[in-house]
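These numbers come from the heavy atoms of this one structure, side chains and all, not from hydrogens, waters or symmetry mates.
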Amino acid sequence: MTVAMTAMGLADFLAYEDGTETLHELEDGALIVMPPESDRNRRIATFLMIYLAQCGVLPQYLTMKTELVVMGARVGVRVPDLMVLSEELAAELAGATRSTVTLEMPPPRLVVEVVSPGKENIDRDYRYKRSQYEARGIAEYWIVDPIVDRVTILTRIEGLYETATFEGEMAIRSALLAEFAPNQQLTAAQVLASGT
């Protein structure tokens, strides 16, 4: 649902306060109300956060629902379900008064979006966020889609994302997982089952 009728800039977005706990994204100058997360989507994101922590990703590098400033036709703000931060980015956010990754900060190492039902949400995760995260320099973007039971891993190679899809008992191939858990296998089925 879009709230603002006139184009909103980044400064206006960062100053916006509606007196509620509602999450918003900024897309092409429009303030987008993010509906409450489904329990299934929340469980999947939590499972992945715990799994990555068990693989050795330090807790200070894991964050959920942190704002991420991106470029599109206009500056926008996304709120991914999960992010893995670099050491440098974690250090910059440690002293921040707001949990927002700005354009001046290094990109996160990994962004995870869990797809919610609805054509608008599907387009947003598969099309718009893909191009924004690619342009932002994010090394890996995971799209976990419980609607079609698929995990899509986008890996940035020479500035562009290459796509690999995983279903059922297929082991997920990811540079981040290879770094932290080279001897473990995480399957698409495990990720998707964590939401049920």
Val101 vs Met83, side chain to side chain contact (heavy atoms under 4.5 Å, CB included): CA-CA, chis, key distance, verdict: CA-CA 11 Å; Val101 178; Met83 281 195 284; 4.1 Å; yes
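- Looking at Met34 and Ile32, their side chains come closer than 4.5 Å, going by heavy atoms from C-beta outward.
- When all heavy atoms of Tyr133 and Pro80 are compared, the closest pair comes out as OH-CG, 3.6 Å.
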Derivation of the side chain to side chain donor-acceptor pair (under 3.5 Å) call for Asp145 and Thr152: CA-CA 8 Å; Asp145 193 336; Thr152 302; over 6 Å; no
Derivation and outcome, side chain to side chain contact (heavy atoms under 4.5 Å, CB included), residues Leu93 and Leu85: CA-CA 9 Å; Leu93 281 176; Leu85 311 177; 3.8 Å; yes
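- Using a 4.5 Å heavy-atom cutoff, the side chains of Ile143 and Leu154 are in contact.
- In this structure, CG on Leu14 lies 12.0 Å from CD on Glu17, to the nearest 0.5 angstrom.
- Scored by the side chain to side chain donor-acceptor pair (under 3.5 Å) test, Gln132 finds Arg78 as partners (sequence neighbours excluded).
- Two residues are said to be in side-chain contact when any heavy atoms from C-beta on lie closer than 4.5 Å; Phe13 and Leu31 meet this criterion.
- At a threshold of 4.5 Å between non-hydrogen side-chain atoms, the residues Tyr61 and Leu52 do not count as touching.
- The 12-atom threshold is exceeded at CD of Gln60, counting heavy atoms of other residues, nucleotides or ligands nearer than 6.0 Å.
- Leu62 and Ile50 are members of different hydrophobic clusters when ILVMFWY side chains are connected at heavy-atom separations under 4.5 Å.
- Contact detail for Leu192 and Pro146: the closest heavy-atom pair is CD2-CA, 3.8 Å.
- Using modelled atom types, one finds no donor on one side chain facing an acceptor on the other under 3.5 Å when comparing Tyr51 with Gln190.
- When side chains are defined from C-beta on, Arg136 counts as touching Leu103, because their heavy atoms get closer than 4.5 Å.
- Considering all non-hydrogen atoms of both residues, Ser194 and Ile44 come closest at OG-CA, 3.5 Å.
- For Tyr141, there are no side chain to side chain donor-acceptor pair (under 3.5 Å) partners, not counting sequence neighbours.
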Please table the atom pairs, donor to acceptor, closer than 3.5 Å between any side-chain atom in residues 169-178 and protein atoms at least two apart or in another chain.
unit_1: Ser174; atom_1: OG; unit_2: Glu140; atom_2: OE1; d: 2.7
unit_1: Ser174; atom_1: OG; unit_2: Glu140; atom_2: OE2; d: 3.2
unit_1: Ser174; atom_1: OG; unit_2: Leu176; atom_2: N; d: 3.2
unit_1: Ser174; atom_1: OG; unit_2: Leu177; atom_2: N; d: 3.2

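- Closest heavy-atom contact between Pro106 and Glu88: CG-CB, 4.0 Å.
- Smallest separation of non-hydrogen atoms from Pro108 and Leu68: CD-CD1, 4.0 Å.
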ring-ring contact (aromatic ring centres under 6.0 Å, His included) evaluation trace for Tyr16 with His24: CA-CA 10 Å; Tyr16 180 78; His24 298 89; 5.3 Å; yes
Candidate pair Leu186 and Leu48, rule side chain to side chain contact (heavy atoms under 4.5 Å, CB included), full reasoning: CA-CA 10 Å; Leu186 176 65; Leu48 285 171; 4.2 Å; yes
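- Under a 4.0 Å N-O distance rule, the pair Lys129/Glu25 qualifies as a salt bridge.
- Going from atom OG of Ser116 over to atom CD of Glu37 covers 5.0 Å, rounded to the nearest 0.5 Å.
- When side chains are defined from C-beta on, Val191 does not count as touching Phe166, because their heavy atoms never get closer than 4.5 Å.
- Residue pairs meeting the side-chain hydrogen bond (donor to acceptor under 3.5 Å, both in side chains) criterion with at least one member in residues 154-167, sequence neighbours excluded, are Arg130-Thr163.
- Ion pair Arg124/Glu27 flagged as a salt bridge, since at least one NZ, NE, NH1 or NH2 atom sits closer than 4.0 Å to an Asp/Glu carboxylate oxygen.
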Audit row: Thr66, Val79, side chain to side chain contact (heavy atoms under 4.5 Å, CB included) steps and yes/no: CA-CA 6 Å; Thr66 294; Val79 185; over 6 Å; no
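- Side chain of Asp81 to backbone of Val114: a donor-acceptor contact under 3.5 angstrom is found.
- Residues forming a side chain to side chain donor-acceptor pair (under 3.5 Å) with Arg98 (at least two apart in sequence, or on another chain): Glu67, Thr100.
- No side-chain heavy atom of Leu110 sits under 4.5 Å from any side-chain heavy atom of Leu82.
- Taken together through direct or relayed side-chain contacts under 4.5 Å among Ile, Leu, Val, Met, Phe, Trp and Tyr, Tyr128 and Leu10 form parts of separate hydrophobic clusters.
- Of all non-hydrogen atoms in Ser86 and Pro107, the two that sit nearest each other are OG-O, 4.3 Å.
- Arg43 is not listed as a side-chain neighbour of Ser38, based on a closest heavy-atom distance of 4.5 Å or more.
- We find that Glu179 and Arg109 are joined by a salt bridge, their nearest charged nitrogen and carboxylate oxygen being less than 4.0 Å apart.
- In terms of the side chain to side chain donor-acceptor pair (under 3.5 Å) criterion, Thr46 has no residue partners (sequence neighbours excluded).
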